[in-house]
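Please read these numbers as outputs of a predicted model, since none were measured by experiment.
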Amino acid sequence: MGRYNQERAPIYEALEEFRQNRIVPFDVPGHKRGRGNPELIRLLGQQCVGIDVNSMKPLDNLCHPVSVIREAEEMAAEAFGAAYAFLMVGGTTSSVQSMVLSACKRGEKIILPRNVHRSVINALVLNGATPIYVNPDMDSRLGIALGMRVSQVEKTIRENPDAVAVLVNNPTYYGICSDLRSIVKVAHAGGMKVLVDEAHGTHFYFGENMPVSAMAAGADMASVSMHKSGGSLTQSSFLLTGPAMHPGYVRQIINLTQTTSASYLLLASLDISRRNLALRGKKEFRKVTALAEYAREEINRIGGYYAYTSELINGDSIFDFDKTKLTINTLEIGLAGIEVYDILREEYDIQMELGDIANVLAYISIGDRERDIERLIGAMVEIKRKYGRDNTGMFTQEYIEPKVAVSPQNAFYAEKESLSLLETEGRICSEFVMCYPPGIPILAPGEEITKDILEYISYAKEKGCSMTGPEDPGIERLNVLKEVWA
């Protein structure tokens with residue numbers, strides 16, 4: 001038995017008590033429990049608007065918690081097996097940036113795979129640390145980047161013994177897991193901290209027969225996107241730390257960028273979702289896995305599609321696989337993943353999580369039902385019959401190995417000029433270009449713009465990928481460093 005009764009939800013309980021007290025509000029927010037904005041009540045309901053309140057003594061303060069928020073954080077730490085857990089209201093982007101800002105500073109090196117979420121490189125733009133990239137293996141059939149090989153990490157540590165941290169994506173958006181325990185062991189032997197972007201791995205802490213979680217593997221910090229597979233409200237997240245991290249310092253780092261007006265709707269949703277998973281997680285994620293496995297089996301039976309799972313495991317770059325992820329490779333039917341994504345949305349009213357050049361991803365979670373899975377399977381049968389075609393000349397790869405010339409911070413803040421896309425070959429990019437989702441940069445500040453990258457950007461635009469990042473919203477122009485680099 002743990003120290004805490006996981007059936008409790010202290011923030012939620014404090015809000016309920018607050019609601020019953022009928023306090024007269026002479027504080028913010030200015031809508032005053034919705035009275036000043038009746039349309040907001042019609043949209044969200046009195047229940048919701050009535051607890052959209054500001055920090056006050058009975059409800060604690062996220063910047064410096066001493067009562068109910070502190071208790072909720074300690075209960076979350078126990079549930080996740082962490083030394084400490086921070087409630088985050090700026091999304092997992094904020095958690096990831098807090099990890100990087102806590103572990104390294106200007107001029108220091110951090111080892112990481114290049115297929116990171118843009119939030120990681122954003123943090124390097126802010127703090128001036130130098131990325132040392134471990135380029136992931138590619139699966140050319142699936143068109144996805146894989147995990148970090150332990151031998152690659154060992155080699156990079158040997159070549160950069162002065163690096164201070166190693167960051168790992170685990171799992172990737174597509175469900176690929178690295179050998180986290182071995183990476184932690186190697187990094188710690190080199191005196192380096194281990195940070196894990198675990199945005200898509202909340203269920204690892206609560207399900208059965210799941211890949212190892214970051215905290216169980218001995219990582220120093222992990223960012224857990226509770227609103228993804230954990231069921232909390234969008235933008236709510238946890239930052240978990242191991243015993244080697246000083247919680248007071250991490251709190252100071254978080255407070256550099258996180259709002260001082262934390263939403264109690266988000267905080268309460270984290271509290272309630274942690275309780276839900278602590279009490280019912282095993283049962284819920286057993287159901288999620290079964291739904292994903294059933295869908296995979298039926299979609300693979302259609303022919304042409306490939307919904308992959310643990311048969312990919314090779315003990316190294318694919319050390320384990322998250323079976324709750326339903327990723328479907330569509331190339332054999334002659335359609336890019338983004339094309340299938342668009343057809344599902346426009347013709348079948350089915351909203352997928354992601355469509356990229358080669359795959360479409362259905363995010364199966366605790367809120368899914370069997371009838372919805374059946375509807376997806378039926379739609380996939382029809383799409384193949386109606387739209388399937390020859391796949392000659394299709395791109396397969398969502399990751400192109402970058403050529404890093406300048407640090408992200410130096411490139412982002414350098415003097416720059418705007419050129420039309422096709423004029424930029426050979427120049428150094430000073431901004432991001434990516435398809436979102438997954439939010440992995442095709443180009444990041446400081447990287448050389450190559451012919452392959454330009455062709456990929458044009459192809460992704462043509463296929464209908466949602467492109468984000470550059471200053472020019474049409475992605476017709478890119479900002480490059482003024483100085484022409486040799």
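- Taking the side chain as every heavy atom from C-beta outward, Q351 and Y341 approach each other to under 4.5 Å.
- For the atom pair I121 CD1 and S407 OG, the distance stands at 12.0 Å (nearest 0.5 Å).
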What do the steps show when you test N255 against H64 for side-chain hydrogen bond (donor to acceptor under 3.5 Å, both in side chains), and what is the final call?
CA-CA 9 Å; N255 286 341; H64 187 84; over 6 Å; no

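- For the residue pair D52 / H31, a side-chain donor-acceptor distance below 3.5 Å is found, with atom types taken as modelled.
- Using a 3.5 Å distance cut-off with no hydrogens or angles, the side chains of T92 and S237 do pair a donor with an acceptor.
- Y173 and E353 share a donor-acceptor pair across their side chains, judged by distance under 3.5 Å alone.
- The aromatic rings of F321 and Y308 lie perpendicular to each other, with more than 60° between the two planes, well past the 30° mark.
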Does the pair R251 and E73 meet the rule for a salt bridge (Lys or Arg N to Asp or Glu O under 4.0 Å), with working shown?
CA-CA 12 Å; R251 177 89 64 196; E73 289 184 334; 2.8 Å; yes

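- A distance of 10.0 Å separates CE in M148 from CG in L180, rounded to the nearest 0.5 Å.
- Each of C177, S310, S178 was checked for a side-chain contact (heavy atoms from CB on, under 4.5 Å) with D320, and the lone residue meeting it is C177.
- The aromatic rings of Y363 and H200 sit tilted relative to each other, their planes meeting at an angle between 30° and 60°.
- Residue-environment remark: NZ (K185) stays at or below the threshold of 12 foreign heavy atoms within 6.0 Å.
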